[in-house]
Protein chains: 2
Amino acid sequence: MIINLDLQSDVPIYLQLRNKIIEGIASKELVAGEPLPSVRMMAADLGVNMHTINKAYQLLKQDGFILIHRQKGVVVNPDGMPEVTNEYRQSLKDALRPIIGEAIARGMSAKDFQVVCAEIFSQITREVD
Amino acid sequence: MIINLDLQSDVPIYLQLRNKIIEGIASKELVAGEPLPSVRMMAADLGVNMHTINKAYQLLKQDGFILIHRQKGVVVNPDGMPEVTNEYRQSLKDALRPIIGEAIARGMSAKDFQVVCAEIFSQITREVD
DNA sequence: GCAACTGTTATATAATTAGTATAACAAACA
DNA sequence: TGTTTGTTATACTAATTATATAACAGTTGC
């Protein structure tokens, strides 16, 4: 899996990495049980520090996207992905609210917004199914 | 307009304030030409520093949501809201992509996601139209 | 056994951001 | 003449982000 980071972005590197890996899972480029590079390998590949990778991995582990075996390695959770819990649903709403607020203020209709979302959905899932 | 800030949130105060004001515009609680409290008044009301308010106002001014007259005051842009430019469309996509990526990874369908968005749309716009 | 690798932990440092605290300025206004 | 406006400047604290090393304990392969 190819990961491009934007070092100039205001989005922290560890968050970019977390998001890219989740998107990789969403697009099925990464499948359950698949091993991920070690923190040191990934750090060398991307040219960033080991701890930055570790921070992303810890977030992914905390949310249940990956498993970390002490001296074995990192794998995409073989037991499947975390479910749509009420807690996640709420955090999703909290994240969407200011975004949708601005869209409305700028005159976007619910339909317009839905089209944008649909575009992104198909962009991410257009791969083999 | 009543503004509640969460001082414990990981979202910076000035961003919370920016988002609340934009949501106020979206819900038509704030209308074009309506004056906003001065940076000092707002700071006193919310119990935060003047510069924190000023930072939010500068962001809103920069995006065209409000106008700031040097010695008059701050008003919601009387000439209407900023349009849906290509630049905004792109930043909207950039913001939505990681959110939608996680939704897909957790097994949400486009339809499920659309329902959540529709809920938020109606929550914000349920007021007088 | 030994070397290489794993995640983990610890410490230190630099840069940036967020927020506060004052203070002063020039223009507008009652 | 005060008061209020946005603006600008300086200084400081705290937290976050990212890097740089270093060491540890368990695993694996030779």
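Being a predicted model, the structure only gives us computed values, none of them experimental. What's counted below: heavy atoms across the whole structure, side chains too, no hydrogens, waters or symmetry copies. Each chain gets a letter, A, B and so on, in the order its sequence line appears, and its residues count up from 1.
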Counting only heavy atoms and a strict 4.0 angstrom limit, can you tell me which residues of residues 41-50 of chain A come near DNA chain D? A:V48, A:N49, A:M50
Let me check something: any side-chain donor-acceptor pairs from residues 75-83 of chain A under 3.5 Å, sequence neighbours excluded? List them with distances.
from: A:N77; atom 1: OD1; to: A:D79; atom 2: N; distance (Å): 2.9
from: A:N77; atom 1: ND2; to: A:G64; atom 2: O; distance (Å): 3.0

Using side chain to side chain contact (heavy atoms under 4.5 Å, CB included), reason through B:T125 and A:I104 one step at a time and then give a plain yes or no. CA-CA 8 Å; B:T125 59; A:I104 296 173; 3.8 Å; yes
Sorted by chain and residue number, the side-chain hydrogen bond (donor to acceptor under 3.5 Å, both in side chains) partners of A:N54 (sequence neighbours excluded) come out as none
B:N19: side-chain hydrogen bond (donor to acceptor under 3.5 Å, both in side chains) partners, not counting sequence neighbours: none
Taking Watson-Crick and G-U wobble pairs with both distances under 3.5 Å, convert DNA chain C into its dot-bracket string, 5' to 3', dots for unpaired and | for cross-strand pairs. |||||.|||||||||||||||||||.||||
Strictly by salt bridge (charged side-chain N to carboxylate O under 4.0 Å, His left out), give each pair with a member in residues 87-98 of chain A just once, sequence neighbours left out. A:K93-B:E119, A:R97-B:E23
Would you say a side-chain N or O of A:S38 is under 4.0 Å from OP1 or OP2 of C:dT6? yes
Range on DNA chain D touched by chain B, heavy atoms, distance below 4.0 Å: D:dT5 to D:dA9
List the residues meeting side-chain hydrogen bond (donor to acceptor under 3.5 Å, both in side chains) with A:S109, not counting sequence neighbours, and say none if there are none. A:D112
Using a cut-off of strictly less than 4.0 Å between a heavy atom of the residue and any atom of DNA chain D, enumerate the qualifying residues of residues 12-24 of chain A by number. A:P12, A:I13, A:Y14
Contacts of type side-chain hydrogen bond (donor to acceptor under 3.5 Å, both in side chains), residue B:D45, not counting sequence neighbours: none
Could you pull out all residues at least two apart from B:A105 that satisfy side chain to side chain contact (heavy atoms under 4.5 Å, CB included)? A:I22, A:I25, A:A26, A:F65
Just the atom pairs and distances: protein N or O near nucleotides 25-28 of chain C's N or O, under 3.5 Å.
from: C:dA26; atom 1: N3; to: B:Q71; atom 2: NE2; distance (Å): 3.3

